[in-house]
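Notes for the one structure printed next.
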Amino acid sequence: MALRPSVADRLLAAAAFVLGVVVAITLQAVDFDGERSVDLWAIGLLGAMSAPLLARRRRPILVVLAVLAVSTPYHILDYPHEATMPASLVAAFTAARYSAPPRRAAAVLLAVAAVTVPVLADEASGAPDDAFLGVGWLFMAFFAGLAVRFHENWKAAVTARVEQERADEVERRVAEERVLIAAELHDVLAHGLAVANVQASVAAHLIDQLPRRGDASLQELSSTLHNLSDTSRATLRELRAVLDVLHGGDAEPTEPAPHLGELQRLVEMAEAADVRVDLEADGLPDELPSTVSVVAYRIIQESLTNVIRHSTAKHATVRLDQNGHRLRIAVIDRGPARATVTPAGFGIAGMTGRAQAVGGELSAGPGKSGGFEVRASLPLPEIWRVPS
């Protein structure tokens with residue numbers, strides 16, 4: 001489990017300090033190059049050198065400057081020089097990892113100066129080879145920081161691209177779903193308008209054949225019916241034109257839209273896939289708005305398809321009932337989900353779009369007793385009924 005940045009920085013600063021002290025004491029024990037013995041001043045300077053690392057994410061360049069400022073008197077006092085390397089390496093890594101691109105060149109120079117200037121300024125030690133060795137280590141730390149930053153930027157770019165592709169795919173699927181909804185609405189409305197057109201034409205013709213067709217009221221009624229017939233015919237042409245545009249000019253005749261009266265087809269489909277479906281549809285009115293009936297059918301169809309594809313359940317319940325002026329739908333399975341992880345699809349987004357298209361709402365998620373539940377509530381406006 002990743003640590004919080006503040007905790008990680010405290011641990012890193014403490015580790016740099018402890019490691020620096022251990023290195024200094026170890027070198028003193030072997031009398032390395034006859035350097036000055038480690039005392040409280042040396043330990044204090046090593047601590048002051050590690051303390052700025054606490055702010056390394058916020059002020060990376062200032063951290064390098066602080067390490068350079070504290071390491072200079074440490075080297076001049078001729079304490080074991082290698083003991084400054086832990087804090088210097090962390091500062092160099094931090095400068096590459098967190099500094100802005102225009103400031104990285106300055107960070108490199110500061111990191112190199114953190115080793116070379118103090119050592120070369122100490123005439124007594126006269127250790128240019130040690131300085132160049134330290135510079136090599138600092139360059140390694142610096143380029144390691146660059147590599148980490150490049151890797152994280154690459155991961156962020158890949159994640160952003162994947163999310164954008166996912167968003168584009170969702171948008172494309174939603175657009176396709178809207179076209180399908182439009183086609184089904186066309187079928188429903190076209191049926192109703194066709195019936196109205198035929199009935200108005202027949203009624204107008206019958207009135208025109210009456211012996212008293214010269215009566216003013218009958219003439220007005222006949223004119224109204226003729227206008228209704230012409231309007232419904234023109235509306236049908238406009239509907240077909242709109243559908244043709246949605247299909248990119250390649251509209252083809254569509255099959256009659258399915259409705260709740262054909263639920264047995266879905267039950268048989270599920271049972272063929274070894275999923276038993278209990279259908280509870282008591283208390284529903286004999287006639288439902290056709291548009292709502294189509295949307296409800298599609299929601300149940302997609303829900304049962306998800307049970308077959310994503311659940312290990314062998315039993316599902318489809319429940320429909322009326323609550324006031326709303327049709328309530330519930331599709332419930334007891335799961336659990338299949339062990340094989342499948343990519344997230346677009347079924348729930350499509351069902352939600354369908355429900356919202358008719359002024360309803362839909363929710364989908366894990367059930368209280370396991371499994372998965374899809375619940376929808378659709379309005380039942382009387383004006384949407386299609387004449388039989």
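When reading the values below, keep in mind they use all heavy atoms of this one structure, side chains included, and skip hydrogens, waters and symmetry mates.
- Taking hydrophobic clusters as Ile, Leu, Val, Met, Phe, Trp and Tyr residues chained together by side-chain heavy-atom distances below 4.5 Å, L54 does not share a cluster with F17.
- There is a path of hydrophobic side-chain contacts, each under 4.5 Å, that joins L260 to L304.
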> Run the side-chain contact (heavy atoms from CB on, under 4.5 Å) check on E280 and V318 step by step: do they pass?
Replying inline: CA-CA 6 Å; E280 302 175 6; V318 176; over 6 Å; no
> Checking salt bridge (Lys or Arg N to Asp or Glu O under 4.0 Å) for the pair E262/R265: CA distance, chi angles, key distance, verdict?
Replying inline: CA-CA 6 Å; E262 302 175 11; R265 181 195 306 175; 2.6 Å; yes
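- Look at D168 and R166 and you find no salt bridge, because none of the NZ, NE, NH1 or NH2 atoms lies under 4.0 Å from a carboxylate O.
- To the nearest 0.5 Å, atom CD of residue Q356 and atom CD of residue E361 are 9.5 Å apart.
- Here I348 contributes atom CD1 and S303 contributes atom OG; the two are 8.5 Å apart, rounded to the nearest 0.5 Å.
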>> Please determine whether side-chain contact (heavy atoms from CB on, under 4.5 Å) holds for the pair V374 and E302, giving the CA-CA distance in whole Å, both sets of side-chain angles, and the decisive distance to 0.1 Å.
In response: CA-CA 10 Å; V374 175; E302 181 63 30; over 6 Å; no
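- The minimum heavy-atom distance linking E271 with R276 is given by the pair CG-CA, 4.3 Å.
- Heavy atoms only, all atoms of each residue included: R354 and V295 are closest at O-CG1, 3.7 Å.
- When side chains are defined from C-beta on, L266 does not count as touching V277, because their heavy atoms never get closer than 4.5 Å.
- When all heavy atoms of L53 and A91 are compared, the closest pair comes out as CD2-N, 4.2 Å.
- Minimum heavy-atom separation, A296 to L327: CB-CD2, 4.0 Å.
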>> Would M351 and I329 count as a side-chain contact (heavy atoms from CB on, under 4.5 Å) here? Give the steps.
In response: CA-CA 12 Å; M351 290 189 293; I329 305 169; over 6 Å; no
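- At a threshold of 4.5 Å between non-hydrogen side-chain atoms, the residues R319 and D278 do not count as touching.
- Put simply, the side chain of L320 reaches to within 4.5 Å of the side chain of L279, judged on heavy atoms.
- In terms of heavy-atom proximity, P52 sits nearest to A66 at CG-CB, 3.6 Å.
- Side-chain contact, R161 with Q164: no donor N or O sits under 3.5 Å from an acceptor N or O.
- In the hydrophobic cluster analysis, where Ile, Leu, Val, Met, Phe, Trp and Tyr join through side-chain heavy atoms closer than 4.5 angstrom, F372 is grouped together with V275.
- Side-chain polar atoms of D333 and H315 form no donor-acceptor pair below 3.5 angstrom.
- R326 meets the salt bridge (charged side-chain N to carboxylate O under 4.0 Å, His left out) test with no other residue; sequence neighbours excluded.
- For the side-chain contact (heavy atoms from CB on, under 4.5 Å) with R375, the lone residue among L362, V331, I332 that qualifies is I332.
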>> Run the side-chain contact (heavy atoms from CB on, under 4.5 Å) test on M269 and T305 for me, step by step, so that the C-alpha distance in whole Å, both residues' side-chain angles and the decisive distance to 0.1 Å come before the verdict.
In response: CA-CA 9 Å; M269 174 199 71; T305 301; 4.3 Å; yes
